[in-house]
Protein chains: 2
Amino acid sequence: MTPSQGSPRNPTPDRSSDERPRLREVAEAAGVSVITASRCLSNPDRVSEKTRTRVLKVAAELGYIPNRVASGLVSSRTMVIGVVVPTIANPIHSVLLEAFNAQIETQGYRTLLATTSYDAAKEADAVRTLLAYKVDALALAGKVQSADAVRLLSVARVPVVEMFELHDAPVDLNVGLSNFDAGAALARYLLTRGRRAIAYITHSGIDDSRMAARFAGFQETAGAQPDVRLMEFTDSAPPGRLRESAISAILSRFPDVDAIVCSGHQAAVSAIRILTDQGIDIPGRIAVSGFGDSPASCWVRPSLTTVAYPMAEIGAAAGKMLLARLGGEPLPKTQVDLGFEIIERTST
Amino acid sequence: MTPSQGSPRNPTPDRSSDERPRLREVAEAAGVSVITASRCLSNPDRVSEKTRTRVLKVAAELGYIPNRVASGLVSSRTMVIGVVVPTIANPIHSVLLEAFNAQIETQGYRTLLATTSYDAAKEADAVRTLLAYKVDALALAGKVQSADAVRLLSVARVPVVEMFELHDAPVDLNVGLSNFDAGAALARYLLTRGRRAIAYITHSGIDDSRMAARFAGFQETAGAQPDVRLMEFTDSAPPGRLRESAISAILSRFPDVDAIVCSGHQAAVSAIRILTDQGIDIPGRIAVSGFGDSPASCWVRPSLTTVAYPMAEIGAAAGKMLLARLGGEPLPKTQVDLGFEIIERTST
DNA sequence: CTGTTAGCGCGTTCAA
DNA sequence: TTGAACGCGCTAACAG
């Protein structure tokens, strides 16, 4: 019983009880070649309307879902962008990530995530894995820390954007602000208001150049005033948290302290709570301020004076810059400063 | 000048100035076949130590990074898990995501992200795209909303976990808590404390079964008390935000209100601020409470009585369950209740 | 322990 | 506008 239509040279292999249709099944059902079916889905213009509608109809009926792994392999465009953040739980990063992701989703890209826990070795690892997935671009929160990661990124032929921190030697694109300047600005602000005995709380055990830059800027400005005493205190809690013991240490070792600056986000809000619970007058005896704004900063009483960062704008701008690069559009600037703003509230 | 070693049958194509070495180059440089090189990297046990060390050394020297797109295509294991959340910016989801991601990263899996903005149509779209990427598993925040998504998930041959909300007909795995019970528990709590005129604020324009379940539970319990008046107010702000107008509406249309419940996270904290700014006594005149705990809940004054959800535990448990499935281990239970807790503070 | 053969599902490159 | 051939880079299945 030879089929009168001629036996196909490439008979469909047996896929009984297998999952989803592939493009080939769609093409066969629509009576076109695989490539025509492919074009109907990705280059609709290059196909006559008649075949296009027929193929699309068949594809819908069969519940066809394209295999992006296969198309990624052959076209070397995966439509995936890798994102590296220290942690998602920190609101500053989740806001950044949300804005970035929303931006790239508009063009059909998806975010492949990797976290570093503020660890430079894990950062290099994250970059390596994301590159292994052949991401079309890469976005990183903060200046790239590890030399390995820098090396990997510079030989990789993908656009890279470092978000949040502006610095001198970006791998490629760079959008954010100068944490050094932010630190300096906050120092000036406190000095102008007469504060002279300043405790500055940083966090230990993490690779975070933003924190270091903030302190450097603060130190430089504060150090220029001869009558200012600046003491750095290190807390081992993760950024965003603060141990009561850190505050106790300050009060005992620096009794005439008149200002506390917290480098970690949210840490300043904790500091306000701890100090007010001890009956210490803010800002009468001690002014408190920090970096990074959040709803909690204005809810807390006294409300927090802080250096606000435009994280959502940074994420969106980073997404747009990458999309422009991926679309082959020229970029007017590869480094964009979105600045910061000191929000004066009642804690200083 | 014929090479004396014999011309290879598969000469390496010209890749001058091309990016990274492929497995083939590594194999050639190490003098083994491609498959042996492959095994050195993924099945080290099936290769003699001598060749293994040689190949690994060569791979490191050449800076070889495996192409996971190719290996995903051929092995149908991508080592990627798709995650669907309404939004990342909401802390409740970012904590969930962080814990989930940390869990799966321990086994080398990566998170491919998609957001829905609380839109059922976007949810189906998100699921479709993630399936197109051939994710090895899928995790979704909340009960799957759209029928399309349910259909896609049930024919897909991948493990699925619905996180956060427990319900009757999970697609596959399910870990979280009953938002219905949480609503009921909060109602009982408020009734026990004598509240009888309750305004309940929900958010409009979003597809969120959790919010609906909470209200249903609350309503059922409160409705059982004949002397209780429960009024639902709808705010068009996104969950987590709250317009002042919502509070004004309550005060004018429900003047003897003695309790306000906010369904959205953080919304209750906003409510406290708005009410205290208007000089209204909390909890003297009005008790305020909500769902979802956060640092802000204890920082605000009066501090917020709220139903706390163990989001980090849920994310971690969901990750572990998926990993077990992917590892072929049997799961004792496919539905896990992690419960909730009413944290009593000073706002009630 | 190592190699050979085959092909994952699709898009590129040509030609018709 | 449509199609045939080819191969992306890697691993599964078998053989040696």
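Below, chains carry the letters A, B, ... as their sequence lines are ordered, and counting in each starts from 1.
B/Asp207 is linked by a side chain to side chain donor-acceptor pair (under 3.5 Å) to nothing, counting only residues two or more places apart in sequence or in another chain. For A/Asn174, the side chain to side chain donor-acceptor pair (under 3.5 Å) criterion is met by A/Gln335, not counting sequence neighbours. For A/Thr87, the side chain to side chain donor-acceptor pair (under 3.5 Å) criterion is met by B/Glu98, not counting sequence neighbours. Take A/Arg151 and apply the salt bridge (Lys or Arg N to Asp or Glu O under 4.0 Å) test, not counting sequence neighbours, and it matches A/Asp148. Applying the side chain to side chain contact (heavy atoms under 4.5 Å, CB included) criterion to A/Ser42, with sequence neighbours excluded, gives A/Ser38. Take B/Arg46 and apply the side chain to side chain donor-acceptor pair (under 3.5 Å) test, not counting sequence neighbours, and it matches no residue. Considering only residues two or more places apart in sequence or on other chains, A/Tyr133 meets the ring pair (Phe, Tyr, Trp, His ring centres under 6.0 Å) condition with none of them.
Comparing the helix axis at one end of the helix from C/dC1-D/dG16 to C/dA16-D/dT1 with that at the other, each defined from 5 consecutive pairs, gives an inter-axis angle of 20° (nearest 10°).
The CG atom of B/Leu23 sits 20 Å away from the P atom of C/dC8 (whole-angstrom rounding). Between B/Arg24 atom CZ and D/dC10 atom C1' there is a gap of 12 Å when expressed in whole angstrom units. Regarding A/Asn43, its CG atom lies at a distance of 13 Å from the C1' atom of C/dC10, rounded to whole Å. D/dT11 atom P lies 12 Å from atom CZ of B/Arg77, rounded to whole Å. Summarising the geometry, the separation between CD on A/Glu28 and P on C/dG9 is reported as 13 Å, rounded to the nearest angstrom. In this structure, CD of A/Glu49 is placed 12 Å from P of D/dT2, rounded to the nearest angstrom. For A/Asp45 and D/dT2, the CG to P distance is 13 Å, given to the nearest whole Å. Here the P atom of nucleotide C/dC8 and the CZ atom of A/Arg20 are 18 Å apart, to the nearest Å.
Screening residues 59-68 of chain B for side-chain hydrogen bond (donor to acceptor under 3.5 Å, both in side chains) gives B/Lys57-B/Glu61 as the qualifying pairs, with residues at least two apart or on separate chains.
Phosphate proximity of D/dT2 to A/Thr36: absent, as no side-chain N or O sits under 4.0 Å from OP1 or OP2. Contact between the side-chain N/O atoms of A/Ser38 and the OP1/OP2 oxygens of C/dG11 is found at a separation under 4.0 Å.
Heavy atoms only, all atoms of each residue included: B/Ala30 and B/Val58 are closest at CB-CG2, 4.0 Å. When all heavy atoms are compared, the tightest approach of A/Glu162 to A/Pro170 is OE1-CA, 3.3 Å.
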Output side-chain donor-acceptor pairs under 3.5 Å for residues 122-132 of chain B, partner residues at least two apart or in another chain, one line each.
from	atom 1	to	atom 2	distance (Å)
B/Glu123	OE1	B/Gln145	N	2.8
B/Glu123	OE1	B/Ser146	N	2.8
B/Glu123	OE2	B/Gln145	N	3.2
B/Thr129	OG1	A/Arg110	NH2	3.1
B/Thr129	OG1	B/Asp125	O	2.7

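A/Thr51 comes within contact range of the sugar-phosphate backbone alone, with a heavy-atom separation under 4.0 Å but no base atom that close.
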Tabulated below should be each protein N or O lying under 3.5 Å from an N or O of nucleotides 13-16 of chain C; please produce it.
none

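Of the residues in residues 58-75 of chain B, those placing a heavy atom less than 4.0 Å from an atom of DNA chain C are B/Leu73, B/Val74, in numerical order.
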